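In this chain, numbering begins with 1 at the start of the sequence shown. As the structure is a prediction and not an experimental result, all values here were calculated from the model. Atom set for the values below is all heavy atoms of this structure, side chains included, hydrogens, waters and symmetry mates excluded.
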Amino acid sequence: MNALSRLKPQLRFAFILFKYFPFGGVQRDMLRIANDCLAAGHDVTIYTGEWRGDLPDARIRVQVLPSSGWFNHRRHQSLIRQFNLALQKNPPDVVVGFNRMAGLDIYYAADPCFVARAYEERSWLYRLTGRFKFFADAEKAVMSRQSKTKILLLTAREKVIFQQWYQTPETRFHLLAPNIPWQKFAGKNQQDCRNYARQQFNLPADANIIVTVGSAFVRKGVDRVIDALASLPAEIQQNTWLIAIGEYESNSDLRAYCEKRAIAQRCIAAGGRNDIAELMLGADLLAHPARSELAGIVIMEAMTAGLPILLTDVCGYAPHVSAANAGCVLASPFQQDEMNAALAEMLTSQQRELWKTNGPLYTQRIKETSSATQEADFIIACAIEKTNKNDGLTHLT
């Protein structure tokens, strides 16, 4: 076989993540990228410690490996050992990690800098714990100057933070354009979706619907949304409901907080759902006042659906909302009074139609100027380069 015929081999990819559940952002990204690699004619095996929900395309192998340990970081350590054993038995061409650990060829950076947050948000006592040491060492294994891991990056802002802590060489970062889930919303009638959303939850036909999407009650700022809903003027509040979509560890936190704010009758814990596209198209507002959000694919989804967004500027994709004029971005430091006022204004503003129009126009431009399979394209190119290098061939340009 000559060199030219080996430029497009069937490649073997190992995708690694600690846990899969169907409504997690990085989990959905992982499966989308795996399917793109499969569609390009390559072989994908997913290694994980837990799989919840339906299995993917039968051509994608899923190996659920055991772990042990009393503490979360101990279970992760155990699981990494199992990953390494599995990879030794079935060596891939490229290892792609969706959590940080040593030995990755490519890391999909869906989480913010751990060490930065540990120093900025935690006490010195936390930095003496085994949990801190595990996650700090795992991050260093990926980001240090000595590492060879290539990094798929969601936002330029996070690159600056990683480089401040690790001096990671510029050449190892590959900045991704936001993924635009256009197909998810294509062909759906917005009025039908408005009717559907209200019928699903037995709400009046003219009800205002605020949605939150995410599986972290505090980190995603759902409590802030409840506070703002409780503060609405009576004439707005009496026709407004919150639909909280997400697999919270305990829905009791959500219920208890709603009851504390005397707003339980206006808050619906919807759980994880497969009809998020219909609910976004049928709602009036996405509220995402997160305390921490590296990027936020839900933000791009809402813009694509034409759903106005109220969010905090800590979200990595917040600049896209500002650039598109597709909603309201709350400046740091967060002030609940500002959130309350913004929610009341957005539910009644004459700009609502403008926000609804601007979002899809903006994401359409991104879609037209970036590859829908950009992550898979990069992974495949890296694998070919690595394979050719090992075979003594010239690197791809």
Side-chain angles (χ1 to χ4, degrees), residues 21-25 193-293 296 298-299 301-302 305 307-312 314-315 327-328 330 334-349 352:
F21 57 99
F23 303 108
C193 290
R194 285 188 66 82
N195 296 338
Y196 170 84
R198 286 149 185 80
Q199 291 165 4
Q200 280 287 299
F201 301 102
N202 297 313
L203 301 179
D206 63 345
N208 290 320
I209 292 179
I210 305 164
V211 294
T212 59
V213 181
S215 297
F217 177 72
V218 173
R219 187 165 64 85
K220 303 294 185 180
V222 181
D223 57 322
R224 294 171 167 178
V225 183
I226 294 168
D227 287 342
L229 178 56
S231 78
L232 286 175
E235 64 271 19
I236 303 175
Q237 187 189 98
Q238 65 186 2
N239 198 41
T240 303
W241 281 264
L242 166 65
I243 299 176
I245 303 168
E247 291 188 336
Y248 303 112
E249 291 186 2
S250 173
N251 279 333
S252 62
D253 291 340
L254 176 63
R255 287 193 299 269
Y257 200 85
C258 292
E259 290 170 1
K260 178 182 176 183
R261 303 296 284 119
I263 204 74
Q265 74 279 12
R266 306 229 158 258
C267 300
I268 300 168
R273 298 181 67 95
N274 293 315
D275 59 354
I276 292 177
E278 288 79 6
L279 295 179
M280 280 190 168
L281 284 164
D284 296 281
L285 180 75
L286 172 75
H288 197 71
R291 290 175 170 85
S292 172
E293 183 70 271
V298 66
I299 296 166
E301 289 176 338
L307 180 61
I309 309 166
L310 173 58
L311 75 165
T312 45
V314 303
C315 300
C328 175
L330 299 170
F334 176 82
Q335 300 292 331
Q336 186 66 50
D337 288 347
E338 293 179 7
M339 167 86 183
N340 299 350
L343 180 64
E345 181 180 353
M346 290 188 73
L347 289 172
T348 58
S349 175
R352 289 169 71 173

Donor on one side chain, acceptor on other, N340 and Q336, under 3.5 Å = yes

task = May I ask you to decide whether R194 forms a salt bridge with D284, counting only side-chain N to carboxylate O separations under 4.0 Å?
result = yes

message = To check you understand the geometry: which heavy-atom pair defines the closest contact between I209 and A283, and what is its length?
response = O-CB, 3.7 Å

inquiry  = Once rounded to the nearest 0.5 Å, what's the spacing between atom CZ of R352 and atom CE of M346?
reply    = 9.0 Å

For A287 against I210, the heavy-atom pair lying closest together = CB-CG2, 3.8 Å

Shortest non-hydrogen contact between A305 and L281, atoms and distance = O-CD2, 3.4 Å

ask   = What do the steps show when you test T212 against H288 for side chain to side chain contact (heavy atoms under 4.5 Å, CB included), and what is the final call?
value = CA-CA 6 Å; T212 59; H288 197 71; over 6 Å; no

task = Compute both the distance and the angle, then confirm whether R291 meets the cation-pi test with F334: under 6.0 Å from the six-membered ring centre, within 45 degrees of the axis.
result = no

task = Go through I263 and W241 one step at a time and tell me if the side chain to side chain contact (heavy atoms under 4.5 Å, CB included) criterion holds.
result = CA-CA 9 Å; I263 204 74; W241 281 264; over 6 Å; no

inquiry  = Measuring from atom CD1 of I309 to atom CD of E301, what distance do you get when rounded to the nearest 0.5 angstrom?
reply    = 10.5 Å

query = Distance from L310 atom CG to E338 atom CD, nearest 0.5 Å?
reply = 11.0 Å

query = F23 and R273: which non-hydrogen atoms are nearest, and at how many Å?
reply = CE2-O, 2.6 Å

request  = Verify, without hydrogens or angle tests, whether R219 (side chain) and G214 (backbone) share a donor-acceptor contact under 3.5 angstrom.
outcome  = no

D275 side chain reached by Y196 side chain, heavy atoms, under 4.5 Å = yes

ask   = So, the side chain of T240 versus the backbone of N208: is there a donor-acceptor pair under 3.5 Å, distance only?
value = no

query = What distance separates L203 CG from Q199 CD, expressed to the nearest 0.5 Å?
reply = 10.5 Å

key: L285 vs L343, side chain to side chain contact (heavy atoms under 4.5 Å, CB included): CA-CA, chis, key distance, verdict   = CA-CA 9 Å; L285 180 75; L343 180 64; 3.2 Å; yes

remark   = CD1 (I226) and SG (C267) are apart, to the nearest 0.5 Å, by 5.0 Å

query = Given side chains that start at C-beta, do those of D227 and Y257 come closer than 4.5 Å, heavy atoms only?
reply = yes

inquiry  = I'd like to know if the side chain of N239 reaches the main chain of D206, judged simply by a donor and an acceptor atom lying under 3.5 Å from each other, with no hydrogens or angles considered.
reply    = yes

task = To the nearest 0.5 angstrom, please state how far the CD1 atom of I245 sits from the CE atom of M280.
result = 7.0 Å

key: Heavy-atom side-chain contact between V222 and L254 under 4.5 Å   = yes

inquiry  = Tell me the closest heavy-atom pair linking A290 and T312, and the distance in Å.
reply    = O-OG1, 2.7 Å

task = Please name the pair of heavy atoms, one in V314 and one in S292, separated by the smallest distance, quoted to 0.1 Å.
result = CG2-N, 4.1 Å

task = Spell out, as yes or no, whether a donor-acceptor pair under 3.5 Å connects the side chain of R266 to the backbone of Q237.
result = yes

request  = State, yes or no, whether a side-chain contact exists between V225 and M339 at a heavy-atom distance under 4.5 Å.
outcome  = yes

